[in-house]
Amino acid sequence: MVIGMSVSAQALDGVYGKPAAGVRARLEHGVDGRWQAVASAETDEAGGIAGFGTGRLTRGPYRIVFDSDRYFAGLGVSAAYPEITVVFRVLSELHACQIQVLMTPFSYSLYFGERA
């Protein structure tokens with residue numbers, strides 16, 4: 001059973017086929033048409049962020065903004081997408097969401113999964 005709402009994220013480097021460690025990301029909640037910061041973090045060695053705002057999130061729209069520009073600049077590459085934004089909706093306060101982004105300098109792919 002999941003206790004409280006949680007969001008986890010993972011960034012993968014599609015160029016080198018490895019986890020994207022050190023990607024800055026922020027979680028925001030949409031309230032009255034505006035985005036409010038909830039948490040910020042940086043991906044670990046496995047490209048993951050284990051628990052963005054675990055247990056203190058409510059229903060509604062959220063987004064995670066990955067700083068792909070800084071990540072690729074660190075590799076000496078210019079990215080077409082300076083940020084990758086994933087917008088999603090939380091329907092229940094008692095579930096967990098998993099967001100995964102596969103990044104390259106000129107494309108990205110997303111995965112969204114949830115557990116009730």
Side-chain angles (χ1 to χ4, degrees):
M1 171 191 271
V2 177
I3 300 173
M5 169 37 187
S6 69
V7 175
S8 59
Q10 184 179 32
L12 303 170
D13 184 322
V15 174
Y16 296 104
K18 64 176 188 164
V23 177
R24 291 181 183 167
R26 65 184 183 273
L27 176 67
E28 299 174 341
H29 184 214
V31 178
D32 297 328
R34 301 185 100 127
W35 293 106
Q36 297 180 352
V38 174
S40 62
E42 192 169 290
T43 59
D44 61 19
E45 306 271 318
I49 299 170
F52 258 142
T54 301
R56 57 190 170 109
L57 305 178
T58 59
R59 294 184 300 175
Y62 285 86
R63 71 180 182 183
I64 297 178
V65 182
F66 294 91
D67 185 353
S68 53
D69 203 35
R70 181 178 170 270
Y71 174 77
F72 285 114
L75 298 176
V77 178
S78 180
Y81 300 97
E83 294 181 330
I84 297 170
T85 303
V86 181
V87 180
F88 58 98
R89 184 175 313 278
V90 172
L91 300 174
S92 168
E93 294 176 11
L94 295 176
H95 80 260
C97 299
Q98 167 68 34
I99 308 295
Q100 191 176 66
V101 61
L102 175 65
M103 308 184 312
T104 74
F106 298 101
S107 67
Y108 61 90
S109 178
L110 306 171
Y111 167 79
F112 174 85
E114 61 181 27
R115 297 184 313 264

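Index from 1, following the sequence. Note that this is a predicted model, so its numbers are computed, not measured.
Follow the hydrophobic side-chain contacts under 4.5 Å out from Ile84 and you reach Val15 in the same cluster. Val87 and Ile49 are assigned to two separate hydrophobic clusters, defined by single-linkage of ILVMFWY side chains at heavy-atom distances under 4.5 Å. Residues Tyr111 and Met103 do not share a hydrophobic cluster, clusters being chains of Ile/Leu/Val/Met/Phe/Trp/Tyr side chains in contact below 4.5 Å.
By the side chain to side chain donor-acceptor pair (under 3.5 Å) test, Ser107 pairs with Thr104, sequence neighbours left out. For Glu28, the side chain to side chain donor-acceptor pair (under 3.5 Å) partners two or more places apart in sequence, or in a different chain, are Arg26, Arg63. Partners of Tyr108 under the ring-ring contact (aromatic ring centres under 6.0 Å, His included) rule, at least two apart in sequence or in another chain, are Tyr81. For Phe88, the ring-ring contact (aromatic ring centres under 6.0 Å, His included) test picks out Phe112, with sequence neighbours left out. Every side chain to side chain donor-acceptor pair (under 3.5 Å) that Asp13 has, sequence neighbours left out, goes to Tyr71. In this structure, the side chain to side chain contact (heavy atoms under 4.5 Å, CB included) partners of Pro61, at least two apart in sequence or on a different chain, are Trp35, Arg89. Residues satisfying the side chain to side chain contact (heavy atoms under 4.5 Å, CB included) test with Phe106, not counting sequence neighbours, are Ala80.
Listed by chain and number, the hydrophobic cluster partners of Leu102 are Leu12, where partners are ILVMFWY side chains within reach of under 4.5 Å, directly or through others.
Ser68 approaches Ala79 most closely through the heavy-atom pair O-CB, 4.4 Å. Across all their heavy atoms, Ala50 and Ser8 have their closest contact at O-CB, 3.1 Å. For Tyr62 against His29, the heavy-atom pair with the smallest separation is CZ-CD2, 3.3 Å.
Taking CD1 of Ile99 as the reference point, atom CD of Gln10 lies at 12.0 Å (rounded to 0.5 Å).
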Please list, one pair per line, the donor and acceptor atoms closer than 3.5 Å that link side chains of residues 38-46 to other protein atoms, with sequence neighbours excluded.
residue : atom : partner : partner atom : Å
Thr43   : OG1  : Ala20   : O            : 2.6
Thr43   : OG1  : Gly22   : N            : 3.0
Thr43   : OG1  : Val23   : N            : 2.9
Asp44   : OD1  : Ala46   : N            : 2.9
Asp44   : OD1  : Gly47   : N            : 3.2
Asp44   : OD1  : Gly48   : N            : 2.8

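Side-chain contact between Ile64 and Phe66 is present, with at least one heavy-atom pair separated by less than 4.5 Å.
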